[in-house]
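These notes concern the structure reproduced below.
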Protein chains: 2
Amino acid sequence: MAIMDYSEELAAFGLKNTKNRKEILKTLVDSSQPLTADQIYFQLNQNGEMMNLSTIYRTLSTLSEKGMLQKVVLVDESKTLYEYNRQIHKHYLICQDCRAIVPIEHCPIAEYEKQVSQEMNFHVIGHRLSIYGYCQDCWKKRSS
Amino acid sequence: MAIMDYSEELAAFGLKNTKNRKEILKTLVDSSQPLTADQIYFQLNQNGEMMNLSTIYRTLSTLSEKGMLQKVVLVDESKTLYEYNRQIHKHYLICQDCRAIVPIEHCPIAEYEKQVSQEMNFHVIGHRLSIYGYCQDCWKKRSS
DNA sequence: CTACATGCAAACCGTTTGCACCCTA
DNA sequence: TAGGGTGCAAACGGTTTGCATGTAG
């Protein structure tokens, strides 16, 4: 991601260019993982960027509607996660122990979607795939 | 699924055999789709099977822990869905319009899991895949 | 100057829990 | 008859909303 001011991007989506929105966008762009609203809240607070939690929720939903962010929902995790939408099709490895979320960029089922479209009379527009198990560290701990 | 009394199955998991549990299990076994707690609640109420919502929640979580049920979580759906665990690996087509959920039994990524295990140093134990788009009816409506 | 963004507090809603009572094993 | 199951009401926690104020365009 090139260094950029999010002003242009916000404007392109017809949104006012406010400090809060830029901070939230920046936080998500810089994160290697999807984040929850309160993770963003605490992270910004630590950096001295005070902001109300409800502002964060409102911003996350506005940006998601515009397609700038993507929602991620996981089983056994009651909070919604958000990530910057880099337009790169992506999936996740989720460690069942430490809950680490590792994005992977190869998608194994593009071909399969076409097949489903034809065989099931279903017009496919996308899919979500997450793979779960244990990361190397947690797997070692478990087997010891 | 053969006609059965769920008593044995419950006993096999060390659970007491109560009317409520049997009704909930039966509801899920008979359903072609995963159901939410309140869908089960209303469905049972219609059939004259009064039962407290919290009993349903407790039963769903007990049966899930035992592996008799599986949780399903979808983006843009705040409620958790539950389905009877037929031990058949399965995925879903989800219509973005009418929210219909169509289970599909072929899994396109068994092979890919092995690859991930090796390349990413991640011990894979499973995955979740859902495919979304529009069912035939809703797609027709949209394009007209 | 106006419409949209924000802070604050309260509401919302799916889910969980404490407690007294009930019932299965 | 003991220990788990259930109903009821209240709590919980993530998220949303109403309203008054602030601010970008």
Side-chain angles (χ1 to χ4, degrees), chain A residues 5-27 34-45 48-66 68-82 99, chain B residues 5-27 34-45 48-66 68-82 99:
Chain A
D5 185 339
Y6 302 101
S7 316
E8 299 162 30
E9 203 173 357
L10 286 167
F13 283 102
L15 296 175
K16 282 188 184 168
N17 164 32
T18 70
K19 189 157 186 298
N20 287 346
R21 284 178 177 166
K22 287 193 279 187
E23 291 297 337
I24 291 173
L25 259 179
K26 183 175 183 330
T27 304
L35 299 174
T36 61
D38 61 300
Q39 285 174 326
I40 296 170
Y41 177 76
F42 288 118
Q43 194 163 317
L44 288 176
N45 262 14
E49 297 296 340
M50 294 315 188
M51 189 178 317
N52 196 279
L53 230 200
S54 66
T55 301
I56 295 180
Y57 276 110
R58 274 192 276 234
T59 302
L60 292 174
S61 86
T62 306
L63 301 186
S64 299
E65 273 165 29
K66 298 293 183 180
M68 299 170 75
L69 303 181
Q70 257 183 302
K71 289 191 194 182
V72 180
V73 180
L74 305 178
V75 170
D76 298 326
E77 167 63 77
S78 58
K79 304 178 190 173
T80 302
L81 299 152
Y82 295 84
R99 311 302 295 172
Chain B
D5 185 339
Y6 302 101
S7 317
E8 299 163 30
E9 203 173 356
L10 287 166
F13 283 101
L15 297 175
K16 283 189 185 169
N17 164 33
T18 69
K19 190 157 186 297
N20 285 346
R21 286 178 175 167
K22 288 194 278 186
E23 291 297 337
I24 291 172
L25 259 179
K26 184 176 182 331
T27 304
L35 300 175
T36 62
D38 60 301
Q39 285 174 325
I40 296 171
Y41 177 77
F42 287 119
Q43 194 163 318
L44 288 177
N45 262 12
E49 298 296 339
M50 294 317 189
M51 190 179 315
N52 196 279
L53 231 200
S54 65
T55 301
I56 295 180
Y57 276 111
R58 275 192 274 233
T59 302
L60 292 174
S61 85
T62 305
L63 301 185
S64 300
E65 274 166 28
K66 298 292 183 179
M68 300 171 75
L69 304 181
Q70 256 183 302
K71 288 192 192 182
V72 181
V73 180
L74 305 177
V75 171
D76 296 327
E77 167 64 76
S78 56
K79 303 177 191 174
T80 302
L81 299 151
Y82 294 83
R99 309 302 294 172

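Please read these numbers as outputs of a predicted model, since none were measured by experiment. Values reported hereafter were calculated over all heavy atoms of this structure, with side chains retained and with hydrogens, waters and symmetry mates removed. Chain letters run A, B, ... following the sequence lines, proteins first, then strands; residues in each count from 1.
- Annotation: side chain of A/I56 is not in contact with side chain of A/D38 (no heavy-atom distance under 4.5 Å).
- Atom pair B/N52:CG and C/dC21:P shows a separation of 17 Å (rounding to whole Å applied).
- Taking atom CD of B/E23 as the reference point, atom P of D/dT6 lies 12 Å away to the nearest angstrom.
- Residues B/T80 and B/L60 have side chains not in contact (no heavy-atom distance under 4.5 Å, counting atoms from C-beta outward).
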Dump every N/O contact between nucleotides 12-14 of chain D and the protein below 3.5 Å, one line per pair.
none

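- Residues A/Q39 and A/L81 share a closest heavy-atom pair of OE1-CD2, 4.3 Å.
- Within 4.0 Å (heavy atoms only), A/R21 reaches sugar-phosphate atoms of the nucleic acid but no base atom.
- Counting heavy atoms from C-beta outward, A/Y82 and A/Q70 have side chains that stay 4.5 Å or more apart.
- Expressed to the nearest 0.5 Å, how far CG of A/N45 lies from CE of A/M51 amounts to 8.5 Å.
- Residue A/Q39 contributes atom CD, which lies 16 Å from atom C1' of D/dT15 at whole-angstrom precision.
- Residue A/S54 has no polar side-chain atom (N or O) positioned under 4.0 Å from OP1 or OP2 of D/dT16.
- Relative to the axis of its first five pairs, the axis of the last five pairs of the helix from C/dC1-D/dG25 to C/dA25-D/dT1 sits at 40°, rounded to 10 degrees.
- Rounding to the nearest 0.5 angstrom, the gap separating the OH atom in B/Y57 from the CD1 atom in B/I24 is 11.5 Å.
- Taking atom CD1 of residue B/I40 and atom P of nucleotide D/dT6, one finds them 14 Å apart after rounding to whole Å.
- Donor-acceptor pairing under 3.5 Å is lacking for the side chains of B/T18 and B/N20.
- Protein atom CE of A/M51 is 8 Å distant from nucleotide atom P of C/dT6, rounded to whole Å.
- In this entry the distance linking OH of A/Y41 with C1' of D/dT15 reads 15 Å, nearest Å.
- Between A/T59 and the phosphate of C/dT6, there is a side-chain N or O to OP1/OP2 separation shorter than 4.0 Å.
- Considering only heavy atoms from C-beta on, A/K26 comes within 4.5 Å of A/Y6 through its side chain.
- Mapping B/L81 and B/R58 onto DNA chain C by nearest heavy atom places B/L81 closer to the 5' end of the strand.
- Of the inter-residue distances, the one linking B/E49 atom CD with B/K22 atom NZ reads 11.0 Å to the nearest 0.5 angstrom.
- You'll find the side chain of A/L25 stays beyond 4.5 Å of the side chain of A/T59, heavy atoms only.
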Please list each protein N or O that sits under 3.5 Å from an N or O in nucleotides 20-25 of chain D, with the distance.
| from | atom 1 | to | atom 2 | distance (Å) |
| --- | --- | --- | --- | --- |
| D/dG25 | OP1 | A/N17 | N | 3.2 |

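- The side-chain heavy atoms of A/L15 and A/L63, taken from C-beta on, include a pair separated by under 4.5 Å.
- Heavy-atom minimum distance, A/T36 versus A/K79: CG2-CB, 3.8 Å.
- To the nearest angstrom, P of C/dC22 lies 15 Å from CG of B/N20.
- The CG-C1' distance, from A/L44 to C/dG7, rounds to 15 Å in whole Å.
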